[in-house]
Structures are given as C-alpha cells and as structure tokens.
Amino acid sequence: MPGKKPHTLPEKKNSYRLKLPADSANLDIIRKFIAGIAENMGFSEEDIYQIELAVDEACANVIKHAYIGENTREKEIHVRVKTRAKKIEITIADRGIGFNPNSIKTPNMEEYLKRMKPGGLGLHLIKTLMDKVSFRINPGVRNEVKMSKSLVK
Amino acid sequence: MPGKKPHTLPEKKNSYRLKLPADSANLDIIRKFIAGIAENMGFSEEDIYQIELAVDEACANVIKHAYIGENTREKEIHVRVKTRAKKIEITIADRGIGFNPNSIKTPNMEEYLKRMKPGGLGLHLIKTLMDKVSFRINPGVRNEVKMSKSLVK
Amino acid sequence: MANFDIERKDNGDVTILHANGYLDAHTAPEFENALSTLIQEKRFKIVVSLEGLQYISSAGLGVFMGFIEEVRQNAGDIKISEVSPRVFKVFDLLGFPSLYEFYDSKQAAMEKFK
Amino acid sequence: MANFDIERKDNGDVTILHANGYLDAHTAPEFENALSTLIQEKRFKIVVSLEGLQYISSAGLGVFMGFIEEVRQNAGDIKISEVSPRVFKVFDLLGFPSLYEFYDSKQAAMEKFK
Ligand SMILES: Nc1ncnc2c1ncn2[C@@H]1O[C@H](COP(=O)(O)OP(=O)(O)O)[C@@H](O)[C@H]1O
Ligand SMILES: Nc1ncnc2c1ncn2[C@@H]1O[C@H](COP(=O)(O)OP(=O)(O)O)[C@@H](O)[C@H]1O
C-alpha cells in the first residue's frame, strides 16, 4: 500500500518530568537528573556531558531571564524528557516573560570575542551541542525550548 | 489573642516534583534527585544517605507491588518534595493497586531473622529512618507514602 | 542505573565475592546470580567483601537472606567483611549482626573457615 | 548545589587560581569574586589552573570575558592551564583559544609572564 509505514516493533518510549524552583542552586540537580537518564540510555560520557551542558544553559536562561519583574507567579522550571531507543528529547519550559528566538542571532564569535564582553552564548551552545532545537513561546503561559540528540552507537 | 500563632518570618518553602517510569533502572536517578535537594538544605552525609534509602524503599515498593496485573495504565512513580528551612517532606505516590498499611505489621526482627527469608523490610526501614511516615491509599487513583525528616543542626 | 559489579576470587574451598558500587532493587539480581552460581557449584564457604560497596537497600539485604539457610545446611556460611560504617548501619538497623558474622578483613573471615 | 571552590596562590607578581569542581551559573559569582579581588589588588598577571575543574557552562566562560579587557589594559593577562579535554571542548566550541592562551602546566603559563 503506498504511503503505508513499514511495520516495525513498537519502540520503547518513556517519559520523565521534573518541576522545580527556578533557582541556580538547582542546576546541579537538573544536570544529574538528565545525566542519569542519558546514562541509562547508553549515551557516551562525552555525549552526556554535552546534553547536561545544553540543558544547563536552557535552565540558566529561565533562572536569569524568564521571571524578571514577576513576583506573583511561582517561579518554576519544567523539564520534560522523552526517550526512545535511540533518541532523547528534552523540553525546558517556563511560564515567564518569553522571548523572540528569531530576534536572537547567532553571535559572530569573532566579533563577540573582539568585544570581550560576557553573555549571549547560551542559545548558541545549545544549538551547537544538540542535533535539533526548536522554540514555542507563549509569554506568561508556557515558553519552551525543545532539544533532541540521537544515540549513535 | 489565645490560640494565635506567634508572628514569625515566612519560612522559605519550596516544592519539587518528579514523575518517571516505575522501572528499577530509575531508582538511581530518584536517589540522586533526593540527595541533591537534601544536600542543598544542609543535611549531613549520614542523613542524606538515610533519606535516599527511605525513598528508594518506597519507590522499590511501587516498582515491585503497585502495578501488578495492570497493563493499561502508565506505570509511573510520582515523587513530590516539599522543603522548608529545617524540614524535608517527601511523598512517593503511584496509581496502582494500593495496600492496607495497617495490615502490614512491623516485622519482629528476631522472628524474621529466624525464618531467614527475604522481604518485608522496606516499610520497616522507612519508619526507622524517617521522623514521620504516613499513608493515604486510594487504589487505582493515588496511593501515597509521605515521610519527613527534620534538619537538626 | 546504579553501577554495581561483582568480582569473584576462589581461594581453595573458600570463595570471596567483592561487591562494588550500589546494591539496590535493580542490581540485586546480579548479586543473586553470583551467589546462585556458587551454590550450584557446591561452594558453600563464602566471604562477601563489601569494601567497595557504597550503598545497600533492603533488596540487597534480601539476597543475603535468600541463601543463608541452604548454605548453612551444607556446612557453609556467608561471612561479611570490610563493610563501611554507613552500609553497616543498614544491616545493624535490621538486626543482621545477630545472624551474620562481620569481619574487618577478608583474611580474618577466611580464617574462620579453617 | 554544584560544589566548587577556588584556591589562590601568589608567586611573586603572578597569581595562580585553582578552580575546582563545577563552574556553572550558581558558582560563577565565586569565581568572579576571586578575580575581582585580584583586580582590586592590582595583580593582573593571572594563571587559572583548571586541573580540578570538572564542568563549565557559559556562565563560567562569561567570567573570563568579564575581566580580560581590564587585565590586558594593565599589561597583564589571564592564562589558562591544565584544562581537561571535555572542558576545553566548551572553550573551543566558542572560539576562546583565539583569545586566551592555554598551557599544559602552571609553570609553562607562569614562564610567559617573565
Ligand atoms: N527562558 C527565557 N525567558 C526569557 N528570555 C530568554 C529565555 N531564554 C533566553 N532568553 C533571551 O535570549 C537571550 C539570549 O540567551 P543566551 O544566548 O543564553 O545568552 P545570555 O543568557 O547570556 O544573554 C537572553 O539574553 C534573553 O533575552
Ligand atoms: N506502593 C505499593 N503498592 C502496593 N503494595 C505495596 C506498596 N508498598 C508496599 N506494599 C505492600 O506492603 C508490603 C510490605 O512492603 P515492604 O515492607 O517494603 O516489604 P517487601 O516489599 O519486601 O514485601 C509489600 O509486600 C506490599 O504488599
């Protein structure tokens, strides 16, 4: 039948969720959580380090930028991880002010280093370290950075 | 005013939630999650070890007992942690078959050791390691083991 | 996944099992297999060195309980050596020291089988 | 909370800062304070040994960026030594080797200030 997907065994899918206060003291907890899942999936140490770093950057952004000027709402980071046999997909979400991912251009590193000023590296690192990165912004409701990486054995 | 609570500064309260598949491979992830929170609160290494163990026992019970004969429902463990300045309160919950905590009597260790058979130690350990333990059973909906420990500095 | 492994060393009719890492409900079956293999080989004089064990839960304690009867019925024993204070505490809380012998060294434990 | 600490050793007019553990958005302020103190003391010849550093995020890289201009304007430099391959990779991904000198040993880095 044309267009019919090949019949394959169902992939093992799993889902993990973590919600915690948007506080930099919790970055370590988030990294360990992610590292544990990636380790169980069989990612290499090198890959685990890179996944931890990408997630750290996205969470550090939530802590630093998402809840500026907000005092009423609970300042939380939501981490959702979906695993398949060969792929990890991680979503970092907040309910803060949001941002326009398209307006944030990839820093020209040469320019950047000439300016010698800190900042603006997080999203660039995430895009460099992960296979795929996408955004869904809904200020005050849910702002998501979704990233995935495949396991190449 | 009689019965009025003394006026105190608001305590720093935080809440953490973790949901993940009821699979023994995840016990390690849960322990690290709990250890991270307890460490940030300032618990001693000894206390952290005991809190990790109590939580491990409750989660191992969910994995071993809660979803027996269930194939439809998602087999998940829910971990909720509430922290105050000097107290950690952890709730382990499942949506499985439930159990009657009152019918499970504390094993007489002497008897137990004489029988030389494994099992039945988990709840006993939890009660021994934590300051306070309580249950709320609602089979198929939500079965909770709630435990807390105070930080004595 | 907790990291855990078992190393086995035979010394005459005594076998030493080194259990390293985290012994929980996930890794207990590995420890169980190691003991089970010894029983099948009729090697009943067993020293379990816990020098490298960083963590134990009741699932790990259960493994000890699951074999002790058969081992003793065959004139053997499971003796435990070099357990760290924090791991010993778990054994102790559950009264295991009244059923199992604990030693500071593998040598001392092996001696007892002489 | 990531564990992180800074040790400082003065050697003549060169200061070595050993950064150990996890350098992330939570611990970066500690590293920032250490560098800031040096600047206040007008000690601009700085070697940062990353031998004990297990992790760095962009918040850590940012600290290096925040001081390099002032340090160089004062005839000093921040040189980096003994960085592990995985931590170096993060510096490398962002092109830092074109701005900072990396050395295999503290000695080699200190020599360059002579
Ligand atoms: N979760 C978020 N909420 C609000 N703004 C964000 C969020 N994540 C990123 N941003 C915006 O994107 C910008 C770029 O982020 P990043 O590349 O990590 O650099 P930096 O955090 O150092 O500014 C931030 O300065 C901020 O304006
Ligand atoms: N989450 C749970 N769901 C269903 N039954 C449970 C749960 N937790 C504990 N139980 C019941 O309580 C009993 C005692 O548990 P425990 O003391 O940990 O010993 P063990 O798990 O070794 O039997 C279990 O055998 C089981 O019947």
Side-chain angles (χ1 to χ4, degrees), chain B residues 20-35 43-67 77 92 104 106-130 145, chain C residues 1-5 20-33 35-36 39 44 50 53-74 76-78 80 83-102:
Chain B
L20 71 192
D23 183 320
S24 63
N26 290 331
L27 286 172
D28 194 42
I29 292 171
I30 299 167
R31 288 197 304 268
K32 283 179 182 152
F33 166 69
I34 292 293
F43 276 102
S44 68
E45 265 198 50
E46 177 68 22
D47 277 345
I48 294 171
Y49 188 86
Q50 298 193 358
I51 297 168
E52 277 186 64
L53 178 53
V55 169
D56 176 322
E57 295 294 341
C59 293
N61 276 346
V62 173
I63 295 162
K64 192 161 61 162
H65 305 295
Y67 296 109
I77 305 176
I92 308 299
I104 293 159
T106 305
N108 175 327
M109 288 312 299
E110 227 166 291
E111 278 296 310
Y112 175 88
L113 292 166
K114 260 187 231 146
R115 283 188 296 117
M116 294 194 282
K117 285 281 165 287
L121 301 178
L123 289 178
H124 178 58
L125 262 181
I126 296 171
K127 289 178 195 162
T128 309
L129 297 168
M130 301 298 278
V145 182
Chain C
M1 199 152 20
N3 60 28
F4 177 74
D5 69 72
N20 304 312
Y22 292 76
L23 181 50
D24 65 6
H26 191 66
T27 57
E30 259 181 82
F31 182 36
E32 208 163 345
N33 285 343
L35 281 171
S36 190
I39 307 299
F44 299 111
L50 299 183
L53 198 78
Q54 294 180 61
Y55 179 85
I56 194 164
S57 74
S58 74
L61 297 182
V63 177
F64 284 93
M65 293 306 283
F67 291 95
I68 191 68
E69 203 168 1
E70 187 173 357
V71 163
R72 290 199 179 150
Q73 278 164 359
N74 285 279
D77 197 15
I78 301 176
I80 301 171
V83 58
S84 72
R86 57 150 73 154
V87 169
F88 179 73
K89 172 128 193 202
V90 185
F91 281 101
D92 196 32
L93 276 177
L94 296 173
F96 276 57
S98 72
L99 192 62
Y100 293 86
E101 294 166 14
F102 291 81

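Letters A, B, ... mirror the listed sequences (proteins, then strands); counts begin at 1.
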Evaluate B:T128 against C:L94 for side chain to side chain contact (heavy atoms under 4.5 Å, CB included), listing each step before the verdict.
CA-CA 9 Å; B:T128 309; C:L94 296 173; 5.8 Å; no

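Annotation: the span from C:Y55 atom OH to B:L53 atom CG amounts to 4.5 Å, rounded to 0.5 Å. The OG atom of C:S58 lies 7.5 Å from the CG atom of B:N61; values are rounded to the nearest 0.5 Å. Here the straight-line distance linking atom CD of B:Q50 with atom NZ of C:K89 works out to 4.5 Å at 0.5 Å rounding. Taking CG of C:L93 as the start and NE2 of B:H124 as the end, the distance is 7.5 Å to the nearest 0.5 Å.
Between the side chain of B:E57 and the main chain of C:S57, no donor-acceptor pair closer than 3.5 Å is present.
Other residues, nucleotides and ligands contribute over 12 non-hydrogen atoms within 6.0 Å of the CD atom of C:E101.
Contacts of B:I63 with chain C are absent, with no heavy-atom separation under 4.5 Å from either backbone or side chain. At a 4.5 Å heavy-atom cutoff, C:F64 makes no contact with chain B through either its backbone or its side chain. Residue contact with chain B, scored on non-hydrogen atoms closer than 4.5 Å, is absent for C:E70.
You'll find the side chain of C:V90 reaches within 4.5 Å of the side chain of B:Y49, heavy atoms only. Side-chain contact between C:H26 and B:D28 is absent, with no heavy atoms from C-beta onward closer than 4.5 Å. In this structure, the side chains of B:R31 and C:D24 come closer than 4.5 Å at one or more pairs of heavy atoms.
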